[in-house]
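Here is the naming used below: chain letters follow the sequence lines, and residue numbers restart at 1 for every chain.
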Protein chains: 2
Amino acid sequence: MMRAAAVAYQAIQCGITEGDYPPGSWIREDEVAARAGVSRTPVREALRKLHSEGIVELLPNRGAVVVGWTSHDLDDIFDLRMMLEGYAVRRVVEAPRGDIDLPALNAMCTEMEQLLDQGGTANHDRIGELAVAFHSALHRASGNRQLMSILPGLNQVPLVHTANRQRTHEQLARSLTQHREILEAITAGDADWAEAVMRAHVRAARAALRTEDSRPADVPAREA
Amino acid sequence: MMRAAAVAYQAIQCGITEGDYPPGSWIREDEVAARAGVSRTPVREALRKLHSEGIVELLPNRGAVVVGWTSHDLDDIFDLRMMLEGYAVRRVVEAPRGDIDLPALNAMCTEMEQLLDQGGTANHDRIGELAVAFHSALHRASGNRQLMSILPGLNQVPLVHTANRQRTHEQLARSLTQHREILEAITAGDADWAEAVMRAHVRAARAALRTEDSRPADVPAREA
DNA sequence: ACGCCCCCGGTTGTATACGATCTGATAGCG
DNA sequence: CGCTATCAGATCGTATACAACCGGGGGCGT
């Protein structure tokens, strides 16, 4: 049985990606509670979490508003990810405090490659999950605890707002190749190499999103 | 009238800095509620916020544990701050999207300098508050929205765990000088200069903390 | 003696009820 | 006619009550 707070969280997150809560719109606690089949208490908890991830804005005594993201904002987010993910792999090489399980990471790469060969939307989604796990494992291996709490939050915004966007086969293939290269650089003990590949990797991911991240002009991109 | 959630938040935060909740210890919702004079609901909200800031760890159905920080963890935090604050001022210069109020920032510097001249513990605390506001204003001026939600969280850990530590007059004086220099670099439109000063500024702050951040050996530094 | 199972106290998780606060509209006044 | 004060509705914030869950301790069987 899933926790009510988690149910509410997913309901809201899903509602945002599906377009039920467009950017700039209000999210009413009662409404979400009814939709998710829980009471307002866990809904409030979910909204605070979404706020800490930057997905919604909380106006005291007013409620929650879905934050809108311009193409420019996405650039900013990927700027930060490029810096931080690059720093993370550098740390993995230079200060190997956190234990790193290279065989497990390589196995994840293999699985992703197989899924890509098989094709299919469901498999593509599974690749996305594995990619998140892959990066998460690297964050853990960096040994920087604060990094581990920051980077997931940075991933959240692009995930929520681009979930239904498909990356091409070529984009995914390159992404997986870069994963392998990152592991190779780590194995070689080359921090500069690892950081450089990771930065390119993040940049490429942003470019893959950029192709059509323009939104209809009538939808406000921000709330304020 | 302050919100009950804010009262609970401060009560916990204060309890941690005062040593009532040492690292590794449990924070019971009932206990905090009684201490803060509120019900458990806002206490829970405060604990979730502290969790999102990395101050406490939440064990499902078990409760909250105070996270312990080693000297090494503090190094990591300031590593991140150095990167991110440096990036922020670079952005202030290169992509001046967010409006920057240089006169107001200079006024803050003047006030801090006056407070330093007057001396006294209370004034030192006030300088600390102003310094946080100063950096916060720069984050805002960077125009990177995610940055504004990340950096306050990074400040929180050092603040909570080093609040009662006094910085020397010389350390504070240098810190204020660097603030001025940062503004001067921004005014000159020199991003490299601004970033370099900011990185040094953060590094110096970490060094000021390092002088005695070793803790008694019998107190567990981490919870796990 | 050792290990397993069940029960119980304590704590968290959720639901519901009530009080506080804000927005928008409306009526009264200058 | 425009502005301000007031009120009603809606929504959030908090308190309280109850249900669910976890961990430890005692008893039982092997």
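Map B:Gly63 and A:Thr41 each onto its nearest nucleotide of DNA chain C; the residue landing nearer the 5' end is B:Gly63. Both B:Ala64 and A:Ser39 lie near DNA chain C, and the one whose nearest nucleotide falls closer to the 5' end is B:Ala64.
For A:Arg48 and D:dG13, the shortest distance from a side-chain N or O to OP1 or OP2 is below 4.0 Å.
Salt-bridge formation is detected for the pair B:Arg3/B:Glu45: a Lys NZ or Arg NE/NH1/NH2 atom is positioned less than 4.0 Å from an Asp or Glu carboxylate oxygen.
For B:Arg62, the listed nucleotide lying nearest its side chain is D:dC22; candidates were D:dT14, D:dC22, D:dT11.
Along DNA chain C, read 5' to 3', the first and last nucleotides having any atom under 4.0 Å from a heavy atom of chain A are C:dG13 to C:dT23.
A 4.5 Å side-chain heavy-atom check between A:Asp79 and B:Leu147 finds every atom pair outside the cut-off.
For the atom pair A:Arg206 CZ and A:Asp76 CG, the distance stands at 9.5 Å (nearest 0.5 Å). The CD atom of B:Gln178 lies 9.5 Å from the CE atom of B:Met198; values are rounded to the nearest 0.5 Å. The distance from the CD atom of A:Gln10 to the OG1 atom of A:Thr17 is 10.5 Å, given to the nearest 0.5 Å. Rounded to the nearest 0.5 Å, atoms CE (B:Met82) and CG (B:Leu84) are 10.0 Å apart.
Looking at heavy-atom distances under 4.0 Å, A:Arg40 makes contact with a base. As judged by a 4.0 angstrom heavy-atom cut-off over every strand, A:Ile27 is placed among residues touching the sugar-phosphate backbone only. Across all strands shown, B:Arg3 has heavy atoms under 4.0 Å from sugar-phosphate atoms exclusively, and none from any base. Nucleic acid contact class of B:Arg44 (heavy atoms, under 4.0 Å, all strands): base.
Test B:Leu47, B:Val66, B:Val157 against B:Ile55 for side-chain contact (heavy atoms from CB on, under 4.5 Å) and you get one pass: B:Val157.
Rounded to an integer number of Å, the gap from B:Glu29 CD to D:dC21 C1' is 13 Å. Counting to the nearest Å, the P atom of D:dA19 and the CG atom of B:Asn61 are 17 Å from each other. Nucleotide D:dT11 holds its C1' atom 10 Å from the CH2 atom of A:Trp26, rounded to whole Å. Here the C1' atom of nucleotide D:dA15 and the CD atom of B:Glu45 are 14 Å apart, to the nearest Å.
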